[in-house]
Amino acid sequence: MKSEDEIMAYIAGLMDGDGSFSIIKEKRMRGSIYSPCIQLSNVFEGMVKFLYDLFGGSLKKKSVQRLATKQQYVWNVRGFESCSYFLNKVLPFLVLKKERAEFLLNFIDKFSPPKIEIGVDGRYLKKDIAEKGQESCHLRMQSFNNDCLVADGYVAKQAIKNTEDSIFWSYLAGIMETEGSFSIRKNKPSHGSKVFKYNPLMQLSMATFETMNHIRRNTCFGTICFPKAKTAQRGFVYKLSFGRISECISVIKNILPFLRFKKETAEILLDFCENYSCIKNRRAGVPIEELAYRESCYQKIIFLNKNGFNKPSLIDSETPKQGDEGQG
């Protein structure tokens, strides 16, 4: 049975991926009302229901955007008391969005009723002064996303061995559920060969370094690359890749107990890695049974990634090579 800390670390991974922290401003006849809001949007309906069952709030279907291929579901919780409860549970485990969550909690502590009317000296504040303070918090919260996109980063030194801390692995499971992908890369036959090459590939795409460095400090696996992306503000994105059979096996085994929505895909990839037969006598060719098994795993993951609402995988795309282990 998972501990509460493991569950909250998993949720922190979800929030670092697809979650948001904000201060909503609503204009009224007598001025503006400011309220904290925490939200998560994802294609997995079960993910938003999972958060709703734990923290309440509201659920809704997101309006289908132009060019969108999958229905998005949104969970959000609003109000000082509800947001404070969520933050006190999850904030200790956040990595990427920890600073903005702390800022939101400070806003709640400072302006939640009836504190909004009381100054430092114990006197009541004027309404316009209180509103001005909330407006500055509202603007500061809006700037967090832009700040993280333009901030400079660095690649942290990688750990010598994998951590045994279950809190970290539950967090990694959460971030993989939202920003990660499990796939099999199918490469065209090389010169002199007639068969396709199949290799495992796990990737995590993020806008900033914080989460990737957190992973590097706790694992001895993974390679960071910087592929170009026209839709990214920087012109490129940061990607952490696991491409060797041995490292995919190790990472999947550690996060599998905590996965909820991409568990089936991860299990197929784990089975592929554990049963991959390295062909020693290449002149004899790859047995038909082995090729059929590889293609079967490949097709199953394609189906789950397209119809099981996983993130689009990088199958058949140009990706950085991670070594030749297990190729045959």
Side-chain angles (χ1 to χ4, degrees), residues 10 13-14 17-18 40-50 61-62 64-73 172-189 194-205 227 229 237 239-245 247-277 286-322 325-328:
Y10 170 81
L14 299 180
D18 285 344
L40 182 137
S41 176
N42 198 271
V43 296
F44 289 103
E45 186 177 7
M47 186 180 293
V48 298
K49 286 184 177 179
F50 169 66
K61 286 185 179 181
K62 195 173 184 179
V64 179
Q65 303 295 317
R66 189 171 67 91
L67 302 180
T69 59
K70 297 176 183 177
Q71 175 67 58
Q72 290 272 340
Y73 300 90
L172 182 58
I175 201 77
M176 287 297 296
E177 298 264 42
T178 53
E179 298 295 330
S181 66
F182 301 88
S183 60
I184 294 176
R185 186 175 58 196
K186 182 178 179 181
N187 294 324
K188 294 180 179 180
K194 296 182 180 180
V195 298
F196 287 93
K197 292 184 178 181
Y198 300 81
N199 289 282
L201 181 64
M202 295 170 54
Q203 286 198 328
L204 176 65
S205 301
V237 295
K239 286 191 177 180
L240 179 65
S241 302
F242 303 95
R244 294 181 179 275
I245 288 179
E247 62 188 25
C248 286
I249 290 175
S250 178
V251 173
I252 293 175
K253 282 186 174 180
N254 278 291
I255 67 175
L256 196 60
F258 306 104
L259 289 173
R260 292 171 178 266
F261 310 103
K262 295 183 179 179
K263 190 164 189 172
E264 185 178 357
T265 313
E267 288 175 336
I268 293 173
L269 186 60
L270 177 61
D271 183 72
F272 171 84
C273 292
E274 290 183 328
N275 294 286
Y276 191 102
S277 299
V286 181
I288 296 177
E289 296 79 6
E290 177 65 20
L291 287 175
Y293 170 74
R294 297 177 187 180
E295 181 66 20
S296 173
C297 293
Y298 170 71
Q299 293 296 338
K300 286 178 182 178
I301 289 186
I302 284 183
F303 177 81
L304 288 174
N305 283 338
K306 289 183 177 180
N307 302 293
F309 305 108
N310 283 3
K311 291 281 185 180
S313 69
L314 296 178
I315 299 172
D316 284 340
S317 64
E318 293 294 332
T319 52
K321 292 184 178 180
Q322 302 297 318
E325 179 178 344
Q327 293 181 354

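On a predicted model such as this, the values are computed, not experimentally measured, just so you know.
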ask   = Checking R294 against Y276: charged group under 6.0 Å from the ring centre and within 45 degrees of the axis?
value = yes
Y10 six-ring centre to R260 NZ/CZ under 6.0 Å and within 45° of normal = yes
query = Taking the six-membered ring for Trp, are the ring centroids of F44 and F261 within less than 6.0 Å of each other?
reply = yes
key: Any S41 side-chain heavy atom under 4.5 Å of Y73 side chain   = no
ask   = Do L204 and M176 come within less than 4.5 Å of each other through their side chains, counting heavy atoms only?
value = yes
inquiry  = Let's go through I184 and L201 carefully: what are the C-alpha distance in whole Å and the side-chain angles of both, what is the deciding distance for side-chain contact (heavy atoms from CB on, under 4.5 Å) to 0.1 Å, and is it a yes or a no?
reply    = CA-CA 6 Å; I184 294 176; L201 181 64; over 6 Å; no
Once you round to the nearest 0.5 Å, how far does [atom1] of [X] lie from [atom2] of [Y]?
| X | Y | atom1 | atom2 | value |
| --- | --- | --- | --- | --- |
| L291 | F196 | CG | CZ | 10.5 Å |
| E45 | F50 | CD | CZ | 15.5 Å |
| K300 | I302 | NZ | CD1 | 13.0 Å |
| N254 | L172 | CG | CG | 9.0 Å |
| C273 | F242 | SG | CZ | 12.5 Å |
| C297 | L269 | SG | CG | 8.5 Å |

What's the shortest heavy-atom distance between [X] and [Y], and which atoms?
| X | Y | result |
| --- | --- | --- |
| E177 | L14 | CB-CD2, 3.8 Å |
| G180 | K262 | O-NZ, 2.6 Å |
| G13 | I175 | O-CD1, 3.3 Å |
| L259 | F182 | CD1-CZ, 4.2 Å |
| S183 | N305 | CB-ND2, 4.3 Å |

query = Does Y293 have any side chain to side chain donor-acceptor pair (under 3.5 Å) partners at least two apart in sequence or in another chain, and if so, which?
reply = D271
remark   = By side chain to side chain donor-acceptor pair (under 3.5 Å), K253 pairs with (sequence neighbours left out) E274
inquiry  = One pair to check against side-chain contact (heavy atoms from CB on, under 4.5 Å): E179 and D18. What are the steps and the verdict?
reply    = CA-CA 8 Å; E179 298 295 330; D18 285 344; 2.8 Å; yes
Residue list, side chain to side chain contact (heavy atoms under 4.5 Å, CB included) with E295, at least two apart or on another chain = K186, Y198, Y298, Q299
key: Derivation and outcome, side-chain contact (heavy atoms from CB on, under 4.5 Å), residues I252 and M202   = CA-CA 9 Å; I252 293 175; M202 295 170 54; 3.6 Å; yes
query = Is it true that a side-chain atom of K61 and a backbone atom of Q72 form a donor plus acceptor pair closer than 3.5 Å?
reply =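 Such a contact is absent between K61 side chain and Q72 backbone.
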task = Mark yes or no for whether S241, through its side chain, and Q203, through its backbone, hold a donor-acceptor pair below 3.5 Å.
result =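 Flag not set: sc S241 to bb Q203 has no pair under 3.5 Å.
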task = Show your working on side-chain contact (heavy atoms from CB on, under 4.5 Å) between E267 and L256 and close with a plain yes or no.
result = CA-CA 8 Å; E267 288 175 336; L256 196 60; 3.8 Å; yes
